[in-house]
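Worksheet for the structure shown next.
Numbers for residues simply follow the sequence, beginning at 1.
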Amino acid sequence: MSDTLELLKTLISRPSVTPQDAGCQELLTECLAPLGFTAERLDFADTQNIWLRRRQDKPLFTFLGHTDVVPPGSLSAWDSPPFEPTIKDGKLYGRGAADMKGGIAAFVTAVGRFLAKHPDHQGSIAVMMTSDEEGIATHGVVKVVDVLEQRGEKIDWCLVGEPSSDKRIGDVIRVGRRGSLCARLTVIGIQGHVAYPELAENPIHTFAPALKALTEEVWDQGNEFFPPTRLQVSNINGGTGAENIIPGHLDVQFNLRFCTELNAETIQQRTHAILDPFGFKYQLDWRLSGQPFLTASGELVAATHAAIKSVTGYAPLDDTGGGTSDGRFIAPTGAQVIELGPLNESIHKINEHIGLEDLETLSAIYEQVLVNLLVVT
């Protein structure tokens, strides 16, 4: 059994359902401390975070990951217990195998091999871990970055081990992500009896034309790196449950995944401009989950392309699709940020898994990225 597979099996066996870490970060510290990494705990509220760094020289390369996983769901639906790592048909099954304990195990062992071969490399290497990426992400990486910024500790290159690959390992790398803006809208009406609508004001009826306008709005055309901005309604709730009562208010939740052609402030202004002409009373609350970011080029992208080509023989596709990741908190500091990790076909699903060969290939790619960036030839 390889070191990478052994480490991944141990990580999976620890049921770190968000925001729990279940000892994963302690295990990683035990792996990295003998290699010269100094560990610093930066916990906030119920979230565990750790910053492990080797040396203080510039430039600083950082692997970023999260030890928390999503809940497994119905245990009876799994072919094997989700927190008992199981190998079958060349794959390792377990919650977190792909998202993202596989990436973590791969880069930890990659660091070990790299340092054994290149102990006098240039620059510094760090590993940042959080236990709340799968949650609301308010006390994890965003807080750690604040600490680093306050003391002037700057990351130059950040590789996030999120599952970016599509059909084969390394065929896609994320060079950016769309922003995410969440909204909670309350449309205020007047409750009443359905037999006397003239004495009430139905917020569902008054909002219907505005809903059409919101969903048909063309926010932008996108650009060469990002698709057009999209608004999606995720929840609508109104009424008391009784069939003879006109509701007094309507609650609507929607989200916009937006590209670099827009910012949150502009979206908010345009949303109010859409709603106001309809004349109903409303309250609108916003939550910015993350700004869009883009690392279109630079040393990190070039080194990763070269590493994937060297290990696999094929060239990756640069992409900005998918949801959000903790990379959105690193990019605003000026760091180059990309995501490269396992196949994403089974993430958040029953019987999540990673291919055994894929795991070793990924670790080899990570090692080569370090060589390309930190070894002077």
Side-chain angles (χ1 to χ4, degrees), residues 1-8 10-11 24-25 27-40 50-65 67 100-129 153-165 169-170 173 295 298-313 316 327 330 335-342 354 356-377:
M1 183 186 302
S2 74
D3 290 344
T4 309
L5 178 57
E6 184 176 1
L7 177 56
L8 178 53
T10 305
L11 288 170
C24 292
Q25 293 174 18
L27 172 63
L28 299 175
T29 300
E30 293 172 357
C31 293
L32 292 171
L35 303 178
F37 284 81
T38 300
E40 180 182 5
I50 195 162
W51 174 243
L52 298 126
R53 180 165 179 170
R54 183 180 190 273
R55 299 182 14 180
Q56 296 298 316
D57 303 330
K58 297 287 285 181
L60 172 57
F61 178 95
T62 300
F63 281 112
L64 174 61
T67 52
M100 63 162 287
K101 291 179 177 180
I104 292 171
F107 63 59
V108 168
T109 57
V111 167
R113 295 192 307 274
F114 172 78
L115 292 177
K117 300 172 186 175
H118 308 283
D120 299 321
H121 64 87
Q122 68 171 342
S124 305
I125 303 174
V127 173
M128 185 190 301
M129 290 287 161
E153 199 166 353
K154 288 286 189 180
I155 297 171
D156 296 283
W157 304 308
C158 180
L159 194 158
V160 190
E162 289 281 9
S164 65
S165 301
I169 287 293
I173 62 173
T295 304
E299 303 94 344
L300 180 57
V301 171
T304 304
H305 272 255
I308 293 171
K309 182 70 173 179
S310 173
V311 173
T312 69
I330 306 292
Q336 297 176 29
V337 180
I338 68 163
E339 299 172 25
L340 169 62
I354 187 172
L356 301 184
E357 291 186 7
D358 288 349
L359 185 64
E360 305 306 328
T361 300
L362 183 61
S363 188
I365 292 172
Y366 287 157
E367 180 184 357
Q368 190 60 47
V369 170
L370 290 170
V371 170
N372 293 347
L373 287 171
L374 299 180
V375 176
V376 177
T377 58

Is there a side-chain contact between Ile354 and Leu8, using heavy atoms and a 4.5 Å cut-off? yes

Separation between CD of Glu360 and OG1 of Thr4, rounded to the nearest 0.5 Å: 4.5 Å

Applying side-chain contact (heavy atoms from CB on, under 4.5 Å) to Ile173 and Ile308, what does each step give before you reach the verdict? CA-CA 10 Å; Ile173 62 173; Ile308 293 171; 3.8 Å; yes

Main-chain N/O of Glu6 paired to Thr10 side chain as donor or acceptor, under 3.5 Å: yes

Given 3.5 Å as the limit, does a donor-acceptor pair link the side chain of Arg54 with the main chain of Leu115, or not? no

To the nearest 0.5 Å, atom SG of Cys24 lies from atom CE of Met129 at 9.5 Å

Measure the spacing between CD1 of Ile155 and NZ of Lys58 and express it to the nearest 0.5 Å. 9.0 Å

Which word best sums up how the rings of His121 and Phe114 line up, parallel for under 30°, tilted for 30 to 60°, or perpendicular for over 60°? tilted

Donor-acceptor check, side chain of Thr295 to backbone of Val337, threshold 3.5 angstrom: yes or no? yes

Please assess Thr304 against Ile338 for the test side-chain contact (heavy atoms from CB on, under 4.5 Å), listing each intermediate value before the final yes or no. CA-CA 9 Å; Thr304 304; Ile338 68 163; 3.1 Å; yes

Taking it one step at a time, do Val127 and Val108 satisfy side-chain contact (heavy atoms from CB on, under 4.5 Å)? CA-CA 9 Å; Val127 173; Val108 168; 5.5 Å; no

Under 3.5 Å: donor-acceptor pair, side chain of Ser124, backbone of Arg55: yes

Under the 3.5 angstrom rule, does the side chain of Ser164 hit a backbone N or O of Gly341 as a donor-acceptor pair? yes

Got a donor-acceptor contact below 3.5 angstrom from the Gln25 side chain to the Trp51 backbone? no

Distance col, row Ile104:CD1 vs Thr109:OG1, nearest 0.5 angstrom, shows 12.0 Å

Does the side-chain contact (heavy atoms from CB on, under 4.5 Å) test come out yes or no for Trp157 and Leu374, once each step is laid out? CA-CA 11 Å; Trp157 304 308; Leu374 299 180; 3.9 Å; yes

Under 3.5 Å, is there a donor-acceptor pair between the side chain of Thr361 and the main chain of Glu357? yes

